[in-house]
Amino acid sequence: MDALRHRMLSISNSVVVFNLFPKLSKIAFRGRWRSLLDLRRELDDLLIPLGPLTIWDVNRVEKSK
């Protein structure tokens, strides 16, 4: 949990660019966007392991078919 919190704080300065032009920023900064999504998935896996399905779980099920 502490390692994930540390990564969230360290990445927070680099994802501010997504607030200006979200659609353009997602394309231009693909690597940052991917790392942000990966971090969000890890957070979901940590906090809601037994809860209802999240959007990430639905995407995983669709990809496995």
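Side-chain atoms are counted along with the backbone in the values below, which use heavy atoms only and exclude waters and symmetry mates.
- Atom CG of Leu36 sits about 10.0 Å away from atom CZ of Arg41, to the nearest 0.5 Å.
- Between the OG atom in Ser35 and the CD1 atom in Ile11 there is a gap of 3.5 Å [rounded to 0.5 Å].
- Between Leu39 atom CG and Arg34 atom CZ the span is 14.5 Å, to the nearest 0.5 Å.
- Residues Leu24 and Val17 fall into different hydrophobic clusters, defined by Ile, Leu, Val, Met, Phe, Trp and Tyr side chains chained together at heavy-atom separations under 4.5 Å.
- A continuous path of Ile, Leu, Val, Met, Phe, Trp and Tyr side chains, each step under 4.5 Å between heavy atoms, connects Phe29 with Leu37, placing both in one hydrophobic cluster.
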